[in-house]
Amino acid sequence: QVGILNVSGTSDISGSSGIEIRAGKLNIDGGTITATGEELTISDNPGGGSSVDGAAIAVSQHSTDQPIKVVINDGTFKGASALYEEIVVDAANESGIDISLEGGNYTGEISSENVTGFVSGGEFENTFDNTYLATDSDLYLTESGNYTAATVEEAPVNAKPVIATINDKGYASITDAIDAATDGNTIVLYRDVTESITVAEGKSITLDLNEKTLTSASNDTSSYAILVSGGTSEEENIKVEVKNGKVSGGDATIVVKGHADVVISNVEATTNGRYGLELYGEYDQSVEATKSKFTGSNAGVVVFGAEKENMTAAFTANNCTIIGGDYGVSGNGQYHYTTINIVDSKVSNTNNAGAAIFNPQIGSLSVSGNSEITGSTGIEMRSGSLTISGNVVVTATAEFSCESNNNGTTTTGVAIAVSQHTTENPITVTINDGIFNATKENGKAFYEIDTVTGSETSSSDVSISLTGGDFKAPVESKNKTG
């Protein structure tokens, strides 16, 4: 009913739920309120009676839609849920619910379906959703191992802000959470943080950024925000997932080393350093990225090869955006054995030289789906194999040029460039479909050349097959026919 319920002093209230309020105002300034129900259970009870068991304080608006206001200044609250708010009837109006936790001691879960920003004080056995924190308040890990909600000025001495959680346990850094994690655990970022973290051999975990930002603690050479470091044998392979947020800074924002399989989804990795994502190579490793963005001043993504014929460094981008200064996606001519798959993704470079995709190493490159590849040159192959299929659009935006280069690209203004490296490794190009264009008047849709000075076997190991596609600019080959 509409009315006011006041609880104070040494009151001792217990029941399957301690107090359930479905309308009116509840003020608590003291006392002990205990839910004896062993687990939280919810029932739809629109006509009357309680709807929640197992909560010390249950807030469950009645079908009459009467406003509810709960103010807790002090007291002790124990139950499967210390405080639980949910509308269990369809007719209710969540805008009429107001909760304020300004103090008290809570043992059990804090949960609210409809109210945020309501916790400004109190001591808690467990962490809770950080959206429940009031403006200017934070959750602190105390020396006793419990948690206190407070402003910076009112935080307990030696308490540290909660940075990450595993289940309902909080940690003062992501590194502390990683140290405590076991295989299969999910670490959830609780707030924006500046920290460089390493997930090392023996830890197969998920890092949920929780729509927060992780910023590297350093931008020095070889620095990173996230380093995934697997072992040197297949038995020491680790599996790591990173999802749902932003990662920034570092010489390379995300680095993968050793035997590791990494899944990245809904992540934006950006740096003013060299690489948004670096596959360090040397061993079997894979990165599968979905709905993510990678940006770096040198390359958005760089893939160094596994260097061993029976291993590969594999990168797959599905529905991603990849932007680099010199290259969107690049390999390295000294580190071979890569597998790169670009699916339904946008890849570009922003400098007047370089290429959106540069492949100087032995390895396979596949571009498919509705991918859009845009750069000074679209794709330059100097080694390895290229297969293009689907509704791919490749566009070159620079003026056409071509010159010998032992360390980098040789062309600009070419949608697809084939220019065998001085190593004279084989090149195979198969184009089944797609649109290939150059925006400048002298640009090329396809261009094959061997710029190696003095070569006696110009493009001898180059195989080209154009079986489909719409070439909207000239197609030229200096060494291949048929």
Side-chain angles (χ1 to χ4, degrees), residues 299 326-334 336 338 340 342 347-349 351-367 373-388 392-432 434-482:
D326 296 327
Y327 314 106
V329 176
S330 177
N332 185 291
Q334 294 181 323
H336 301 287
T338 62
I340 300 172
I342 307 298
V347 182
S348 62
N349 79 304
N351 294 342
N352 290 328
I357 302 177
F358 179 47
N359 201 98
Q361 76 283 1
I362 297 172
S364 64
L365 168 63
S366 170
V367 184
I373 314 299
T374 306
S376 47
T377 275
I379 301 172
E380 179 162 325
M381 297 294 296
R382 303 207 67 185
S383 184
S385 67
L386 168 65
T387 302
I388 298 178
V392 173
V393 178
V394 184
T395 304
T397 58
E399 296 284 350
F400 173 75
S401 67
C402 180
E403 60 182 40
S404 180
N405 186 355
N406 293 336
N407 187 27
T409 56
T410 61
T411 66
T412 61
V414 181
I416 304 293
V418 180
S419 175
Q420 195 173 42
H421 194 268
T422 55
T423 55
E424 296 189 354
N425 288 315
I427 300 175
T428 301
V429 175
T430 303
I431 298 179
N432 298 309
I435 298 173
F436 308 91
N437 197 13
T439 60
K440 302 301 183 182
E441 185 176 349
N442 60 350
K444 317 290 184 186
F446 182 93
Y447 188 70
E448 181 277 323
I449 191 170
D450 191 331
T451 62
V452 180
T453 303
S455 172
E456 297 179 357
T457 58
S458 295
S459 301
S460 61
D461 288 326
V462 174
S463 173
I464 300 170
S465 175
L466 310 184
T467 62
D470 184 0
F471 296 84
K472 295 183 177 297
V475 174
E476 297 182 16
S477 177
K478 300 297 183 181
N479 301 286
K480 311 301 292 186
T481 59

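Heads up: numbering here begins at 1 and tracks the sequence. Computed over heavy atoms, backbone and side chain alike; hydrogens, waters and symmetry mates excluded. All values derive from a computational prediction rather than experimental measurement.
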- Query: Would you find a donor on one side and an acceptor on the other, under 3.5 Å apart, between the side chain of Asn425 and the backbone of Gln361?
  - Reply: no
- Considering non-hydrogen atoms only, spot the tightest contact between Gly443 and Ala473 and give its length. O-CB, 4.0 Å
- Message: If we count only N and O atoms by modelled type, under 3.5 Å, do the side chains of Thr397 and Thr439 hold a donor and an acceptor together?
- Response: no
- Task: Would you please say whether a donor-acceptor pair under 3.5 Å links the side chains of Thr395 and Asn437?
- Result: no
- Message: Classify the ring geometry of Phe471 against Phe446: parallel below 30°, tilted from 30° to 60°, perpendicular beyond 60°.
- Response: perpendicular
- Query: For Leu386, which of Thr430, Ile340, Val429, Ile357 qualifies under side chain to side chain contact (heavy atoms under 4.5 Å, CB included)?
  - Reply: Val429
- Query: Does Thr451 offer a backbone N or O that forms a donor-acceptor pair with the side chain of Ser404 under 3.5 Å?
  - Reply: yes
- Task: Scan Asn351, Asn349, Asp326, Thr411 and name whichever one has a side chain to side chain donor-acceptor pair (under 3.5 Å) with Ser376.
- Result: Asn349
- Would Asn405 and Glu403 count as having a side-chain donor-acceptor pair, cut-off 3.5 Å? no
- Message: Quick one: does any side-chain atom of Glu448 pair with a main-chain N or O of Lys478 as donor and acceptor, under 3.5 Å?
- Response: yes
- Message: Applying side chain to side chain contact (heavy atoms under 4.5 Å, CB included) to Ile464 and Thr428, what does each step give before you reach the verdict?
- Response: CA-CA 6 Å; Ile464 300 170; Thr428 301; over 6 Å; no
- Donor + acceptor pair across side chains of Ser401, Thr412 (<3.5 Å): yes
- With sequence neighbours excluded, tell me which residues meet side-chain contact (heavy atoms from CB on, under 4.5 Å) with Pro426. Asp461
- For Thr410 and Glu380, does a side-chain donor sit closer than 3.5 Å to a side-chain acceptor? yes
- Message: Main chain of Glu424, side chain of Arg382: is a donor-acceptor contact present, judged purely on distance under 3.5 Å?
- Response: no
